[in-house]
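Only heavy atoms go into these numbers, but all of them, side chains included; no hydrogens, no water, no symmetry mates. Numbers restart at 1 for each chain; the letters A, B, ... are given by sequence-line order, proteins then strands.
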Amino acid sequence: MQIFDTMTRRKTAFVPRTPGEVSMYVCGPTVYDVPHLGHGRTALTYDIIRRYLEWAGFDVTLASNVTDIDDKIVERAQREGRTEADVATEFTAAYDAQMERLGVLPPDSRPHATHFIRQMIEVISELLSMGAAYEVAGKGVYFAVDSAPRYGQLAGRTLSQLNADAGSRVDVDPDKRSPLDFALWKAARPGEPRWDTPWGEGRPGWHTECVAMSLSALGPGFDIHGGGDDLVFPHHQNEWAQVTAAGEAFARYWVHSAMVNVGSEKMAKSLGNYTQLADAIDAAGARAVRLLVLQTHYRRAMEMGQDALDAARSAVGRLDAFARRAAAAGISPQRWAAVRRPDIESGAAVGLDVEAARAFGAAMDDDFATPAALDVVFRLVRRANAALDASRDSAARDVATALHLLGVLGIKTGDAGEEAAAADGLTDVEVEALLEERATARAARDFSIADRIRDELAAGGIVVSDNPDGATWHRV
RNA sequence: GGCGGAGUGGCCGAGUGGUUAGGCAGCGGCCUGCAAAGCCGUGUACGCCGGUUCGAAUCCGGUCUCCGCCUCCA
């Protein structure tokens, strides 16, 4: 398996810290507002990687944090006259709710920054004691970037290059020894939340929390550190600097997912051009969002406009129709739900297409090439449909394999998938009754009545399909 | 200004030397009472200009345009 490592900027053979196990840490959201499409893409990217690694036979441990104390949370709380904890709680819930809709599996641990103050103080104390950090009275504690000799590598730049640019866009704080030094701890200002430390009251700087939380959850030298591309510099660079200065081992591989664009411009809250994740899911469905993410390689910027979402929704509809055919043919992918690649390779899982599974695995092994993996799946779907048309014996195997692989990517298919709006409109019993009426009319070749019933059902969101052995229906 | 990435058929989006990516939409056909679903066929795409090569979207040089990071950001 090859993974593109941001640190070295090349695809590298993936060798985990412990054979058969993968530990990953993914930087989660700062909860000061509702999640947007970008949060969705990033979360889905790592959810897909995680699911794939598990299918591939690894025992995966995923930690993903919530930053629940930060300048923006403080600002919002003060603006709205409530507590920071209140703001954080509201938007953590908002984030979790959308993650659940998207089918993003909960991480094994979801550390909150405010629960790791003690560990952060330990990290900072150590850095202070070894001279890698320094106090500035009344302002806080800063990390001295010179204590991490290869500072800048993650960003693909050298310390001197970075120094030359510093201050070109932002004024340099004169209290810092070097313009690149960053705050580990911010001294308390009136009205802000605060914690007591050996160097006075205050609150943590952003870059230390992930150090404390990732190492607490996963231990030194964990395998994968992920997050959005925009975190490479300075956030991840600064995490790395702290751990390196302390002489510890940090992430073995750095993975970064690309941004979501709107009109070919980065979508960001700071640019005010963002689409709320909830809105996109409402409009196109959670699976369309996931499919769209899968259709673009994770390291490429992607456009997530209305047209693209609509197209993805149509594709999901096709997969659902396929799953319905499968169910009608009595093929249930449930039987293979717990199957993993080693089971297929070893021949222990009978009834699946080994070659297709291999092609799928080969694609994913190449830096998680989900577009190529999807290619394998869609070709298989076509072949399976053709086999179903022809009543070929191979149909069951192809159908089961296609649905199984979709499941690996986290795409549920069939009416159980989601969104099937059962609540309003006709009940199943009513639909069945109407269909019986229609069957009678059709048998009598009274197609005007049959078509009228079909139209009525369609108006109620029920699509009817006539097949040689009777009619089937589903909700849209 | 520095560093990095990208320009592919109507749209999204893979693809690093030669065989069909895939999805969505369109068109033709099969099937169907008509549909739906499905299958088959269909598009001679690779920003521009040169070059290397028997052969380039894919390599080299040049050029134009766009985007990201350098500041909080998934």
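Side-chain atoms of A:Ser257 and A:Arg299 include no donor-acceptor pair closer than 3.5 Å. Neither side chain, A:Asp146 nor A:Tyr151, offers a donor N or O lying under 3.5 Å from an acceptor on the other. Counted by atom type alone, A:Asp310 and A:Gln306 present one or more donor-acceptor pairs between their side chains at under 3.5 Å. Of the N and O atoms on the side chains of A:Asp71 and A:Tyr32, not one donor lies less than 3.5 Å from an acceptor on the other residue.
Shown here are the side-chain contact (heavy atoms from CB on, under 4.5 Å) partners of A:Ala77, two or more places apart in sequence or in another chain: A:Glu84, A:Val87. Residues that satisfy the side-chain hydrogen bond (donor to acceptor under 3.5 Å, both in side chains) test with A:Asp455, not counting sequence neighbours, are absent from this structure. Shown here are the side-chain contact (heavy atoms from CB on, under 4.5 Å) partners of A:Ala372, two or more places apart in sequence or in another chain: A:Ala363, A:Ala369. Partners of A:Arg10 according to the side-chain contact (heavy atoms from CB on, under 4.5 Å) rule, which considers only residues two or more places apart in sequence or in another chain, are A:Thr8, A:Thr12. In this structure, A:Ala311 has no side-chain contact (heavy atoms from CB on, under 4.5 Å) partners at least two apart in sequence or on a different chain. Partners of A:Arg383 by salt bridge (charged side-chain N to carboxylate O under 4.0 Å, His left out), not counting sequence neighbours, listed by chain and number: A:Asp353, A:Asp398.
Of the residues in residues 64-74 of chain A, those lying under 4.0 Å from RNA chain B by heavy-atom distance are A:Lys72. Remark: A:Thr42 in residues 40-52 of chain A come within less than 4.0 Å of RNA chain B through at least one heavy atom.
A:His207 and A:His235 have tilted rings, their planes meeting at an angle from 30° to 60° on a 0 to 90° scale.
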For nucleotides 4-6 of chain B, tabulate all protein N/O to nucleotide N/O atom pairs closer than 3.5 Å, reporting atom names and distance.
from: B:A6; atom 1: O3'; to: A:Arg300; atom 2: NH2; distance (Å): 3.4

Side-chain donor-acceptor contacts of residues 38-45 of chain A below 3.5 Å, not counting sequence neighbours, with atom names and distances?
from: A:His39; atom 1: ND1; to: A:His36; atom 2: N; distance (Å): 3.0
from: A:Arg41; atom 1: NH1; to: A:Ala258; atom 2: O; distance (Å): 3.2
from: A:Arg41; atom 1: NH1; to: A:Met259; atom 2: O; distance (Å): 3.0
from: A:Arg41; atom 1: NH1; to: A:Arg300; atom 2: O; distance (Å): 2.8
from: A:Arg41; atom 1: NH2; to: A:His297; atom 2: O; distance (Å): 3.0
from: A:Arg41; atom 1: NH2; to: A:Arg300; atom 2: O; distance (Å): 2.7
from: A:Thr42; atom 1: OG1; to: A:Gly38; atom 2: O; distance (Å): 3.2
from: A:Thr45; atom 1: OG1; to: A:Arg41; atom 2: O; distance (Å): 2.8

For Watson-Crick and G-U wobble pairs within 3.5 Å on both distances, what is RNA chain B written in dot-bracket notation, | included for inter-strand pairing?
((((((((.[[[..)..(...]]].(((((.......)))))....[[[[[..)....]]]]])))))))....

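When the nucleotides B:A21, B:C12, B:A74 are ranked by their closest atom to the side chain of A:Pro371, B:A21 comes out on top. The A:Ser314 side chain lies nearest to B:C24 when the options are B:A74, B:C3, B:C24.
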Along nucleotides 31-42 of chain B, 5' to 3', which nucleotides get a B, which get an S, and which get a -, given that the test is a protein heavy-atom distance under 4.0 Å?
--BBBBSSSS--

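The minimum heavy-atom distance between A:Ile73 and A:Thr67, with the atom names listed, is CD1-O, 3.5 Å.
Rounded to whole Å, the separation between the C1' atoms of B:G55 and B:U65 comes to 30 Å.
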